[in-house]
Amino acid sequence: MNSLNTLYFPATAINSPRLYPIFLLFQNVHLLSPVEDGKESPDSFIKSGFCQVHTPCPLGQERNRFLRLVADIKSGTDDYAAQLSALTLAAMTGVPTQGEESERSIIRSLHGTQELPREARAREELEKLWQARLVLAIGELLDQEEEEISLNLAELVDEEKVLFKELQGEDDKEEEENPFAELTRLEGSLRVNSAGNVKKRYKAWRTLFLAGDMAECEIFLTSGKDSGDILLETYQQQTGQQAPLVASLELPALVGWTGKEAHDTVHAFTTKNSPFLTAMNESFAELTGQTSIPVQQLDLAAPLLSLADAWEKLLAADFPAERFGRIPASFYLLPGLPCATLVGKTTGSPRPGNNGLLAVIG
């Protein structure tokens, strides 16, 4: 199957049961990482090629220093949300707060007594990039912490439920396993990242993205409404038009609790339904490749709309809604602006299409 390149933002990892379903629709997902990995990733989706990781401006000799800094932050605080809120990109104007100045001091200390680049502009760009890496790294720590807390709480709820049934003399052995019910309990204990933190992570992600030079991705993908709204608002500001919604599909809420389990499930589904997924990607490619699209003309989305019913039938066969739930997948066309151009990329590899496509999951 010929899957279009899809860039995930603003997070830098896909390692949660709540995120694995995106690979049913997107089999060529790219991630930005704030620091290069020193060894082969154990992630099943990365090893099999479903997902590719890029590190703009690799740290090289500075990598170990950065990792030590992140380790110190991880061991020195139990409130990553506060750490994330304290960070503001160095390029922003205004008098720095105590927290911001502290972070800048940490960044400078990483370079020892050696002089930073002579030009103030170059020094500020260097600090800006370091701080962006920190925001993204702390954001991932926050995600991991919340995931662990929610899993622990969900397990406690399950244990209480079993204990209560035992006390009542009830037997639940005949109950069919309901993965969606378990996921719902997990999500019920998750704290939602504030819109302010999402904006900080997006700005950091954008800084890292603009610092590198990678092949353009036709689709930008996010798993949060707040981050999707940032791009939709940016498009409206730049063009004076709203990005049209061209397709509304659904995904199962769960395809596996572990990366290996989810990968095997996704691989089996995509292999079995390869012709359909190829047709869907051709529809995506037709939308992104059009040279002239009136913003209000949605007829060009007809192929995608006609595939929605067939897609739901495929899901129903392998992932019945009553057991695996459903989450929405909304697709917005960005006529006249490829995704990279929308977020400020002006140089790099030639663009493969004329219009961006934004996918918002959940």
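- Side-chain atoms of Leu333 and Leu357, non-hydrogen and from C-beta on, do get closer than 4.5 Å to each other.
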**Request:** Verify side chain to side chain contact (heavy atoms under 4.5 Å, CB included) between Tyr202 and Leu231, making sure each step is shown before the conclusion.
**Result:** CA-CA 10 Å; Tyr202 168 73; Leu231 282 199; 3.5 Å; yes
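- Taking both residues in full, the closest heavy atoms of Leu210 and Gly344 are given as CD2-C, 3.6 Å, listed atom of the first, atom of the second, then distance.
- We find the CG-CD1 distance between Leu4 and Ile219 to be 5.0 Å, quoted to the nearest 0.5 Å.
- Side chains of Leu287 and Asn355 form no contact here, defined as non-hydrogen atoms less than 4.5 Å apart.
- Between Leu232 and Gln242 there is no side-chain heavy-atom pair separated by less than 4.5 Å.
- Checked by atom type and distance alone, the side chain of Glu218 pairs as donor or acceptor with a backbone atom of Asn5 at under 3.5 Å.
- Here the shortest heavy-atom pairing between Leu314 and Phe269 reads O-CE1, 3.9 Å.
- By the 4.5 Å heavy-atom criterion applied to side chains, Glu145 and Leu142 are counted as neighbours.
- Between Arg133 and Cys57, some side-chain heavy-atom pair lies under the 4.5 Å cut-off.
- With sequence neighbours excluded, the residues satisfying side chain to side chain donor-acceptor pair (under 3.5 Å) with Glu312 are Arg326.
- Heavy-atom minimum distance, Leu208 versus Ser33: CD2-O, 3.7 Å.
- Side-chain contact check for Phe331 versus Phe284: some heavy-atom pair is nearer than 4.5 Å.
- Taking 4.5 Å as the limit, some side-chain heavy atom of Lys225 sits within range of a side-chain heavy atom of Asp229.
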**Message:** I'd like to know whether Phe9 forms a side chain to side chain contact (heavy atoms under 4.5 Å, CB included) with Val343, so could you lay out the CA-CA distance, the side-chain angles of the two residues, the decisive distance to 0.1 Å, and finally the verdict.
**Reply:** CA-CA 12 Å; Phe9 79 98; Val343 300; over 6 Å; no
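- The closest donor-acceptor contact from the side chain of Thr265 to the backbone of Val255 lies under 3.5 Å.
- Proximity of a side-chain donor or acceptor of Asn273 to a complementary backbone N or O of Phe276 within less than 3.5 Å is not detected.
- Between the side chains of His263 and Ser48, a donor-acceptor pair is found at a separation under 3.5 Å.
- Taking all atoms of both residues into account, the shortest heavy-atom contact from Leu307 to Ser283 is CD1-OG, 3.8 Å.
- One finds the OG atom of Ser44 at 11.0 Å from the CD atom of Glu261 (value rounded to the nearest 0.5 Å).
- Across all non-hydrogen atoms, the minimal contact from Met214 to Leu32 is SD-CD2, 3.6 Å.
- Inter-residue side-chain proximity for Leu141 and Val70 is flagged as met; some heavy-atom pair is nearer than 4.5 Å.
- Aromatic pair Tyr332/Tyr235: ring centres not closer than 6.0 Å.
- Using a cutoff of 4.0 Å between basic side-chain nitrogens and carboxylate oxygens, Asp309 and Lys313 are not scored as salt-bridged.
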**Message:** With side chain to side chain contact (heavy atoms under 4.5 Å, CB included) as the criterion, how do Thr258 and Tyr20 come out once you've worked through the C-alpha distance, each side chain's angles and the decisive distance to 0.1 Å?
**Reply:** CA-CA 9 Å; Thr258 66; Tyr20 294 141; over 6 Å; no
**Request:** Could you give me the CA-CA distance, side-chain angles and deciding distance for Val135 and Lys203, then say whether side chain to side chain contact (heavy atoms under 4.5 Å, CB included) is met?
**Result:** CA-CA 9 Å; Val135 169; Lys203 288 179 180 178; over 6 Å; no
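- In this structure, the separation between CG on Leu251 and CD1 on Ile22 is 9.0 Å, given to the nearest 0.5 Å.
- Here Ser330 pairs with nothing under the side chain to side chain donor-acceptor pair (under 3.5 Å) rule; sequence neighbours left out.
- Atom NZ of Lys272 is separated from atom CG of Asp318 by 3.5 Å, given to the nearest 0.5 angstrom.
- Here the straight-line distance linking atom CG of Leu358 with atom CG of Leu342 works out to 8.5 Å at 0.5 Å rounding.
- Between the Lys200 side chain and the Gly139 main chain, no donor and acceptor come within less than 3.5 Å of each other.
- A centroid separation of 6.0 Å or more is found between the aromatic rings of Phe319 and Trp311.
- The shortest heavy-atom contact between Glu140 and Ala13 is OE2-N, 3.6 Å.
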Please list every donor-acceptor pair under 3.5 Å in which a side-chain atom of residues 49-56 meets a protein atom from a residue at least two apart or in another chain.
| unit_1 | atom_1 | unit_2 | atom_2 | d |
| --- | --- | --- | --- | --- |
| Gln52 | NE2 | Asn28 | OD1 | 3.0 |
| His54 | NE2 | His30 | ND1 | 2.7 |

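- Separation of the Tyr8 and Phe26 ring centroids does not fall under the 6.0 Å cut-off.
- When the shell of 6.0 Å around CD of Glu322 is examined, it contains more than 12 heavy atoms from other residues, nucleotides or ligands.
- How far CD of Glu250 is from CG of Leu315: 8.0 Å, rounded to the nearest 0.5 Å.
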